[in-house]
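Sequence positions, counted from 1, serve as the residue numbers for this chain. For ligands, and for the atoms within them, numbers begin at 1 and follow the listed sequence. Note that the structure is predicted; figures quoted are calculated from it, not measured.
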Amino acid sequence: MPFPTDSDPDTEITDLLDRELERQTTGLQLIASENFTSPAVMRAVGSVLTNKYSEGYPGKRYYGGNAVIDDVEALAIERARSLFGAEHANVQPHSGANANMCVYQALLQPGDTVLGLSLDHGGHLTHGSPVNASGLLYRFIPYKVTPGDERIDFDEIRDLALEHRPAMIVAGTTSYPRRLEPEPFRAIADEVGALFMFDAAHVAGLIVGGAHPDPVPHADVVTFTTHKTLRGPRGGCIVSKQQHAKAIDKAVFPGWQGGPLEHVIAGKAVAFREAADPSFREYAHQIVANASALADALAQEGFRLVSGGTDNHLMVVDLQPFDAELTGKSAQTVLDQAGITVNKNTVPDDPRSPFVTSGLRIGTPSVTTQGMGTTEMATIAAMIAAALRDHADESVLASVRKQAADLCAAFPAYPARVSNAD
Ligand SMILES: *Cc1c(COP(=O)(O)O)cnc(C)c1O
């Protein structure tokens, strides 16, 4: 039987794909958790591997026909272990959230106490938010950033650890602009006999590129996403000490997931190889240099930066001193109209709700992939300031939108021949 799409192409979807390609490549993508993955990764993800059921692990599958799949997954595992210098890797988690839940299931009992960074201070939903399964299944105690310098407060973490005797301490952030040193977490975990999990979802690319401290030697387990700074396909991954390998593999399958997405795992393998290339170190350091330049230029435009700046790939802009009336929500909408994609974000102890917020999170992984440098970051800061200052003036927004399109044309994300058909 021929596929119906051979005679009746699904133009509704192909038109939408074309529109999204256009959107991604004609506006500035400044969402800190996004990136442009390579055409090689997209080819793997769009491959026939999507057809195969391969429940289990290489050499231990439930169905036949997995000889090639075994090689694909074994290669991905080997590349992940080598890239992260890890004893064990599980490349099957469908997402970063899944990776975290799998680790909890592997190493905790329901009801166990865990310390994690509060969501509104830069943590992640899966670090114990009451609306997330992590918060329902485990007793998470949130720690916060200090009111003064807005940094992670190791004194507070130690006090909480001594008081609550957690089974695990979780480090890792979603909207925290500073280096996260793994050693102090390890020391506190050792003092109270807790496990230490480092969620490197955002910073995995910075870690393997040598631009961020490496948690792998210190943590029992490191989880990460493959689609943020690591620049691979959308997915998750877990690396750990050999001691936890069996429990983690069991928690991923059959614990949380069914058949693995081997086409995505092939894409992860491609991304791990790309991240092992010496050019990726340069990329990771340029992301950080660009974030720092963008933060400095935004500060000069009158924005307050949470914690005073950044030393990773993102910054959180507190809009309140710039314009007390301007919410994160409306700033996001204004910038969308100006061809600049960012996301609203709470600032520590935000007086507004998470749906409104008083801040923006801005990141440089995507524009750095496009080849932009510190000069362009100064231009982008001026564009953001112009749009937000005159946010009611349509002509200003149109002119910034034109500038954004020109900048993207000068620094194309993809070679012209790349299309959704690739
Ligand atoms: C993005 C993120 C995740 C979740 O990743 P998904 O792939 O969206 O599920 C988990 N932890 C942290 C710290 C993150 O930033």
Side-chain angles (χ1 to χ4, degrees), residues 29-35 37 41 45 80 90-105 114-129 131-135 137-138 140 142-145 152 168-180 182 185 196-207 212-213 215 219 221-240 248 251-252 256-257 260-261 264-265 267-268 271 287 291 306 310 312-316 342-346 354 361-366:
Q29 307 305 322
L30 295 174
I31 293 196
S33 50
E34 293 181 359
N35 213 327
T37 201
V41 166
V45 173
N90 187 308
V91 296
Q92 291 192 2
H94 301 333
S95 68
N98 274 26
N100 289 350
M101 295 311 295
C102 293
V103 171
Y104 302 152
Q105 172 152 320
V114 186
L115 300 190
L117 179 62
S118 176
L119 179 64
D120 59 342
H121 282 226
H124 189 258
L125 280 166
T126 55
H127 299 183
S129 161
V131 300
N132 182 264
S134 59
L137 287 170
Y138 305 98
F140 266 86
Y143 54 89
K144 294 177 177 292
V145 299
I152 285 190
M168 178 185 280
I169 298 178
V170 176
T173 61
T174 294
S175 54
Y176 181 70
R178 294 298 178 180
R179 287 165 71 91
L180 205 51
F185 283 102
F196 170 31
M197 170 178 131
F198 193 106
D199 178 350
H202 263 261
V203 291
L206 302 184
I207 290 167
H212 194 283
V221 187
V222 176
T223 60
F224 59 94
T225 63
T226 45
H227 51 276
K228 298 181 184 176
T229 52
L230 197 57
R231 208 162 67 177
R234 187 160 295 282
C237 189
I238 303 167
V239 293
S240 71
I248 286 170
V252 175
W256 271 89
Q257 299 187 162
L261 313 178
V264 180
I265 289 171
K268 290 174 186 174
I287 292 175
V306 169
T310 173
N312 59 21
H313 61 299
L314 68 82
M315 62 219 70
V316 179
V342 299
N343 64 276
K344 63 179 181 288
N345 207 95
T346 51
R361 187 184 66 165
I362 303 181
T364 54
S366 298

Pocket residues of ligand 1, ordered first by chain and then by residue number (heavy-atom cut-off under 4.0 Å):
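Around ligand 1, where the cutoff is 4.0 Å for heavy atoms, the contacting residues are Ser95, Gly96, Ala97, Asn100, His124, Thr173, Thr174, Asp199, Ala201, His202, Thr225, His227, Lys228.
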Describe, in one word, how the ring planes of Phe198 and His212 are oriented to each other, choosing from parallel (under 30°), tilted (30 to 60°) and perpendicular (over 60°).
perpendicular
With side-chain hydrogen bond (donor to acceptor under 3.5 Å, both in side chains) as the test, would you mind laying out the steps for Ser33 and Arg361 before giving the verdict?
CA-CA 10 Å; Ser33 50; Arg361 187 184 66 165; 3.2 Å; yes
Listed partners of Gln105 passing side chain to side chain donor-acceptor pair (under 3.5 Å), at least two apart:
Trp256
Phe140: what forms a ring pair (Phe, Tyr, Trp, His ring centres under 6.0 Å) with it, not counting sequence neighbours?
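Scan of Phe140 (ring pair (Phe, Tyr, Trp, His ring centres under 6.0 Å), adjacent residues dropped) gives Tyr104.
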Reported CG-to-NZ distance for the pair Leu230 and Lys228, which is rounded to 0.5 angstrom
11.5 Å
Hits for side-chain contact (heavy atoms from CB on, under 4.5 Å) against Arg178, two or more places apart or cross-chain, chain-then-number order -> Arg151, Tyr176, Ser307, Asp311
